[in-house]
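Just below is one structure, and these are the notes that go with it.
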Amino acid sequence: MNTNFNLSGPPEKNILARIVGILLSAVALGLALMFSAVFFVVLAFVALALWGYFWWKTRALRRAMQEQMEQMKNSQDFEQAPRRAPEDADIIDGEAVRVDDDRNNKPG
């Protein structure tokens, strides 16, 4: 094991080594940007293809839903007044009713 206890700092680099380091860093950055751009374009095409596949496979369902909406719109039931509850119905809005099972079995 070779340990260097020289605290004077790293050795001096000449100007050519610095220029080569800067150029290599710029090339690496450019390659990374190109790779990410290609990656995101491919990702966008895959997402577009999946969306198109889903749209194509659901076209019959959308058509059936559209026809059903048209039938409901043209039917008599759709144009009538909304349904009303029977007169003898117990409608309690926002309340709860507790029914005792033993009320019929009470003596008296």
Anything under 3.5 Å between a donor and an acceptor, one on a side chain of residues 32-61, the other on a protein residue two or more places apart or in another chain? List them.
residue: S36; atom: OG; partner: A32; partner atom: O; Å: 3.3
residue: S36; atom: OG; partner: L33; partner atom: O; Å: 2.9
residue: T58; atom: OG1; partner: F54; partner atom: O; Å: 2.9
residue: T58; atom: OG1; partner: W55; partner atom: O; Å: 3.3
residue: T58; atom: OG1; partner: R62; partner atom: NE; Å: 3.4
residue: R59; atom: NH1; partner: W56; partner atom: O; Å: 2.6

Self-check item: Rounded distance (nearest 0.5 Å) linking atom CD1 of I19 with atom CG of L24
Solution: 12.0 Å
Practice problem: Give, for atom CE of M72 and atom CD of Q68, the distance between the pair rounded to the nearest 0.5 Å. | Solution: 7.0 Å
Quiz item: Any chance CD of E70 has more than 12 other-residue heavy atoms, nucleotides or ligands included, within less than 6.0 Å?
Solution: yes
